[in-house]
Engineer: 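Quick one: the structure is below, and I'll ask about it shortly.
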2 protein chains.
Amino acid sequence: MLWETMGKCEQCIIKQFNSLKTLTNEELVRISSCKTSRVVKKGETIFEEGETLKGIYCVRDGICKLTKLSSNGKDQIIKLVVKGELLGQRSLISDESVNLSAIALNDMELCFIPKSEIMNDLQKNTNFTFDILREMAIDLKEADDIIVNMAQKSVRQRLAETLIYINDSFGTKSDGTLSVLLSREDFANIIGTATESTIRVISQFKKEKLIATIGKQIKIIDIEGLRRVE
Amino acid sequence: MLWETMGKCEQCIIKQFNSLKTLTNEELVRISSCKTSRVVKKGETIFEEGETLKGIYCVRDGICKLTKLSSNGKDQIIKLVVKGELLGQRSLISDESVNLSAIALNDMELCFIPKSEIMNDLQKNTNFTFDILREMAIDLKEADDIIVNMAQKSVRQRLAETLIYINDSFGTKSDGTLSVLLSREDFANIIGTATESTIRVISQFKKEKLIATIGKQIKIIDIEGLRRVE
DNA sequence: TATAAAACATGACATTTATCATATTTCATT
DNA sequence: AATGAAATATGATAAATGTCATGTTTTATA
């Protein structure tokens, strides 16, 4: 684990993408003075389910997955967190150990803000608290949607929707492939199925000319077709 | 729909079970003066997915289900909300139409607090905002757990866990049957399966002496056995 | 570049779950 | 109490998905 000092929060371009944007310059200076930074390599664990977090992370660069271990021993990916987002707020607020593990999907840069500083702002800055609340309300709505999809849709539909989601949320590279690179196993853990089933459906989608693959990379060819998948 | 005046918020025993407990007496008096009350009969809809709510509800008595319609035409029950809880906060906070429908499972008494009053408190009372935030953080964690269960567990396991959840959260009547009475279809919509499948598993559980049924009522006989279901 | 490990892919088969048909029971209403 | 509607129950069968085996390709690393 590598800790280094990075730039100042008040000048950081990342903050505009999350609730930190509601803080005053003065508050940002204070946070900046006590934050630490951390570089995490692809595959490394940022924190693990059950751990007690001593603060929150702000993702300066990279992408990670939030996973939860099911009692049958399989991992479920609950959410992908990208550059600009915060990590660990929920557990800080409900004052519990984290319920999810965070694992880097590529090399990441993180800033860590100690709990005491954040709690201070939650006490005093209503805008900040309300913005965190708004973000969490959105997360909750998304979670509701995921529940319905898991409960009511087929593996084919869930994979199609996952591909569309990743395409729309995180975009594509210049060659048209999805910019978030996931293994087939990761896809399986997002849609909640066996890796083999995921691979089979990917093969079907290829045959149906809905997607193309370049190595493990996936390119969406017919997004409208994917939307119509049943 | 029946509207009537009920008691005063500041004297209401229900408030201790939700975030309203953090409000000052003065704030409660103000809210009380503009709240309205509503009686809803079993099966009636309190609000519907897509509607714009003009405030939040406080459940004075009764139970309702929060459901979401899947694109395949099936309803998914996301949550049961009982006496003491609030209804509609999420949509109020993210300033969107509600993403779930609320339908009474038995006769209910509700108090309705207009949006303007609640938003006023969210602006000014940090304790209130923070408590709403805490509740939402808990809801989000629960939603994560549901996602994992949906994605990774069998219908048998999900039904077993649902029975245990209802038993532990809402208790039993004097004859030992679950105090929240759900139809087989409701159970199916909670665990995300076909009604017939739910009925079959209930029959299995009966044969395995894990539960007993009295009409449509269910009594848990061997809760440890239910926990071991695979 | 060689080599082993990991990831990807596919077939064969088992298991789970959905669907459709059809009884049976329960419940509300007359 | 009679009656029809809704809910519960069960069988037969189809469809979806999981599991295990095995082969191929990709990737990392010596």
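Quick note: numbers below take in every heavy atom, side chains included, and nothing from hydrogens, waters or symmetry partners. This one's a predicted model, so the numbers in the text were calculated from it and none came from an experiment.
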Engineer: If I take atom CD in residue A/Glu196 and atom P in nucleotide D/dG18, what distance separates them, rounded to the nearest angstrom?
Structural biologist: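 The distance from CD of A/Glu196 to P of D/dG18 comes to 9 Å, rounded to the nearest Å.
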Engineer: Can you measure B/Ile199 atom CD1 to D/dA6 atom P for me and round it to whole angstrom units?
Structural biologist: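 Result: 16 Å.
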Engineer: Whole Å only: how far is the CG atom of B/Leu182 from the C1' atom of D/dT8?
Structural biologist: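 After rounding, the reported distance stands at 15 Å.
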Engineer: Find the distance B/Gln152:CD to C/dT16:C1' and express it as a whole number of Å.
Structural biologist: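 Atom-to-atom, B/Gln152 to C/dT16, this comes out as 15 Å.
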Engineer: Looking at C/dA18, I'd like to know if its phosphate oxygens (OP1 or OP2) sit under 4.0 Å from a side-chain N or O belonging to B/Lys74.
Structural biologist: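 False: B/Lys74 side-chain N/O out of range (4.0 Å or more) of C/dA18 OP1/OP2.
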Engineer: What is the separation between atom CZ on A/Arg200 and atom P on D/dA15, rounded to the nearest whole Å?
Structural biologist: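 Spelled out: CZ on A/Arg200 to P on D/dA15 is 18 Å.
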Engineer: Mapping A/Arg156 and A/Lys216 to their closest nucleotides on DNA chain D, which lands nearer the 5' end?
Structural biologist: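 Comparing both residues, the 5'-ward one is A/Arg156.
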Engineer: Provide, to the nearest angstrom, the distance between the CD atom belonging to B/Gln157 and the P atom belonging to D/dG18.
Structural biologist: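 Roughly 13 Å, once rounded to whole Å.
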Engineer: Going through the checks in order, is the salt bridge (charged side-chain N to carboxylate O under 4.0 Å, His left out) test met by A/Glu85 and A/Lys79?
Structural biologist: CA-CA 12 Å; A/Glu85 295 186 79; A/Lys79 190 174 158 66; 3.8 Å; yes
Engineer: Between P on D/dT17 and CZ on A/Phe187, what's the gap in Å once rounded to a whole number?
Structural biologist: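 So the two atoms are 17 Å apart, to the nearest Å.
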Engineer: Look only at the side chain of B/Thr177 and the backbone of B/Lys173, and say whether a donor-acceptor pair between them is shorter than 3.5 Å.
Structural biologist: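 Side chain of B/Thr177 to backbone of B/Lys173: no pair is present.
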Engineer: List the atom pairs, donor and acceptor, that lie under 3.5 Å between side-chain atoms in residues 143-152 of chain A and the rest of the protein, sequence neighbours left out.
Structural biologist:
{"from": "A/Asp144", "atom 1": "OD2", "to": "B/Asn99", "atom 2": "ND2", "distance (Å)": "3.2"}
{"from": "A/Asp145", "atom 1": "OD1", "to": "B/Lys68", "atom 2": "NZ", "distance (Å)": "3.3"}
{"from": "A/Asn149", "atom 1": "OD1", "to": "A/Lys153", "atom 2": "NZ", "distance (Å)": "3.1"}
{"from": "A/Asn149", "atom 1": "ND2", "to": "A/Glu161", "atom 2": "OE1", "distance (Å)": "3.0"}
{"from": "A/Gln152", "atom 1": "NE2", "to": "B/Asp75", "atom 2": "O", "distance (Å)": "3.2"}
{"from": "A/Gln152", "atom 1": "NE2", "to": "B/Gln76", "atom 2": "OE1", "distance (Å)": "3.0"}

Engineer: What nucleotide, of D/dG18, C/dC8, C/dA18, holds the atom closest to the side chain of B/Ala194?
Structural biologist: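 It is C/dA18.
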Engineer: Give A/Ser203 one of three labels, base, sugar-phosphate or nothing, depending on what nucleic acid heavy atoms sit under 4.0 Å from its own.
Structural biologist: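 A/Ser203: backbone/sugar contact only, no base atoms under 4.0 Å.
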Engineer: Got a sec, which residues hit ring pair (Phe, Tyr, Trp, His ring centres under 6.0 Å) with B/Phe170, two or more places apart in sequence or on another chain?
Structural biologist: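 B/Phe170 satisfies ring pair (Phe, Tyr, Trp, His ring centres under 6.0 Å) with B/Tyr165 only.
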Engineer: Would you tell me if any nitrogen or oxygen in the side chain of A/Thr195 comes within less than 4.0 Å of OP1 or OP2 on C/dA7?
Structural biologist: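 For C/dA7, OP1/OP2 do not have a side-chain N/O of A/Thr195 under 4.0 Å.
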Engineer: For DNA chain C, whose closest nucleotide is more 5', that of B/Gly215 or that of B/Ser197?
Structural biologist: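 Upstream on the strand: B/Ser197.
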Engineer: Any sub-3.5 Å donor-acceptor pair from A/Gln217's side-chain atoms to A/Ile214's backbone N or O?
Structural biologist: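 Here the side-chain-to-backbone pair does not exist.
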Engineer: Within this structure, what is the CZ-to-P distance between A/Arg184 and D/dG18, rounded to whole angstrom?
Structural biologist: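 My rounded result for the distance is 17 Å.
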